[in-house]
There are 2 protein chains.
Amino acid sequence: MDKFKDLDPLLHSQLRLAVVSLLLSVESAEFVFIKEKTGATAGNLSVQLDKLNTAGYIIIEKSFKGKKPLTTCKITKKGIDAFEQYVINLKQYINK
Amino acid sequence: MDKFKDLDPLLHSQLRLAVVSLLLSVESAEFVFIKEKTGATAGNLSVQLDKLNTAGYIIIEKSFKGKKPLTTCKITKKGIDAFEQYVINLKQYINK
DNA sequence: TTTTTTGGTTTATAAAATAAACTACTTTAT
DNA sequence: ATAAAGTAGTTTATTTTATAAACCAAAAAA
């Protein structure tokens, strides 16, 4: 067993992993919803969503809900693939 | 399902997780052996072993092999428990 | 109409990971 | 015997990351 393959640093972060995990289970999610589900602060979430977006793991769409700004996130194929590989690699660490 | 419990930051680090994972499968391990198995640099490994030691997750014993210094590591009960809890929590992120 | 709330972003600070430099020998080659 | 190279690490400095604090614009409430 060739152990300890590198863990994608973009996913090996508690908050970003939670976001991706969450997005895997829904069609799309709004900023405020993700914030509540993860318990993150808005600032931290904003930064981490940007990173996932820049990496192409999620897409972020900005619109308006009535008159208020609305940020909607959706996982991409690239994000799903990265997550799946991350889980495969991670299991080498946690299943002896 | 109440998701996303905090992940012990001491274990949520690629290198420290690899070290603990490795130590779980052996009685004890020498510095050089851990270094080779994890692919870490000596400096990084030294720092991360100190952190695990300070947290009481491992014990570090310094002796000599012939005339050369020898650093031997062993996981503690506390380390095993922390790892098991970490895995339980982590699974909430990776098993949708 | 001022005050508060909503939905964020930007910037600053703290913490972590990593690499580079260094120490203290030991072994090998000259 | 001595210089050069290797071993087994530690310490310090640098980069990266995570997080928090401060801020902004608009909307809703008082």
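Just so it is clear: chains get the letters A, B, ... in the order the sequence lines come, proteins before strands, and each one is counted from 1.
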Quick one: which protein N/O atoms are closer than 3.5 Å to N/O atoms of nucleotides 6-11 of chain D? Pair and distance per line, please.
| from | atom 1 | to | atom 2 | distance (Å) |
| --- | --- | --- | --- | --- |
| D:dA8 | O3' | B:P69 | O | 3.3 |
| D:dG9 | OP1 | B:T71 | N | 2.8 |
| D:dG9 | OP1 | B:T71 | OG1 | 2.5 |
| D:dT10 | OP1 | B:K62 | NZ | 2.5 |
| D:dT10 | OP2 | B:S46 | OG | 2.4 |

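- Atom NE2 in B:H12 sits roughly 12 Å away from atom C1' in D:dT17 (whole-Å rounding).
- Partners of B:K68 by salt bridge (charged side-chain N to carboxylate O under 4.0 Å, His left out), not counting sequence neighbours: none found.
- Qualifying salt bridge (charged side-chain N to carboxylate O under 4.0 Å, His left out) partners for B:E27, counting only residues two or more places apart in sequence or in other chains: B:K74.
- Separating the CG atom of B:L15 from the C1' atom of C:dA19 is a distance of 13 Å, rounded to the nearest angstrom.
- Applying the 4.0 Å criterion to OP1 and OP2 of D:dA18, one finds that A:Q14 has every side-chain N and O outside that range.
- Side-chain contact between A:Y86 and A:H12: present, with at least one pair of heavy atoms (C-beta onward) separated by less than 4.5 Å.
- Spacing between atom CG of B:D8 and atom P of C:dA16 amounts to 11 Å, rounded to whole angstrom units.
- An angle of 10°, rounded to 10°, separates the two end axes of the helix from C:dT1-D:dA30 to C:dT30-D:dA1, each defined over five pairs.
- You'll find the side chain of A:Y93 reaches within 4.5 Å of the side chain of B:L17, heavy atoms only.
- Under the salt bridge (charged side-chain N to carboxylate O under 4.0 Å, His left out) criterion, B:E84 pairs with no residue, sequence neighbours left out.
- Residues passing the side-chain hydrogen bond (donor to acceptor under 3.5 Å, both in side chains) test with A:K67: none are found, sequence neighbours excluded.
- Looking at heavy-atom distances under 4.0 Å, B:K51 makes contact with sugar-phosphate atoms alone, never a base.
- Under the salt bridge (charged side-chain N to carboxylate O under 4.0 Å, His left out) criterion, B:K62 pairs with no residue at all, not counting sequence neighbours.
- Residues satisfying the side chain to side chain contact (heavy atoms under 4.5 Å, CB included) criterion with B:A29, sequence neighbours excluded, are B:L23, B:V26, B:F33, B:I34.
- Of the side-chain N and O atoms in B:S13, one or more sit less than 4.0 angstrom from OP1 or OP2 of C:dA17.
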Distance-only donor-acceptor hits, side chain of residues 46-61 of chain A, under 3.5 Å, sequence neighbours excluded:
| from | atom 1 | to | atom 2 | distance (Å) |
| --- | --- | --- | --- | --- |
| A:Q48 | OE1 | A:R16 | NH1 | 2.5 |
| A:Q48 | NE2 | A:N44 | OD1 | 3.1 |
| A:T54 | OG1 | A:D50 | O | 2.9 |
| A:Y57 | OH | A:D8 | OD2 | 2.5 |

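- The nearest whole Å value for the distance from the NZ atom in A:K35 to the P atom in C:dT9 is 12 Å.
- The distance from atom CG of B:L10 to atom P of C:dA16 is 8 Å, rounded to the nearest whole Å.
- In this structure, the CZ atom of A:F33 is 17 Å from the C1' atom of C:dG7, given to the nearest Å.
- OP1 or OP2 of D:dA18 has at least one side-chain nitrogen or oxygen of A:R16 nearer than 4.0 Å.
- Regarding A:L49, its CG atom lies at a distance of 15 Å from the P atom of C:dG7, rounded to whole Å.
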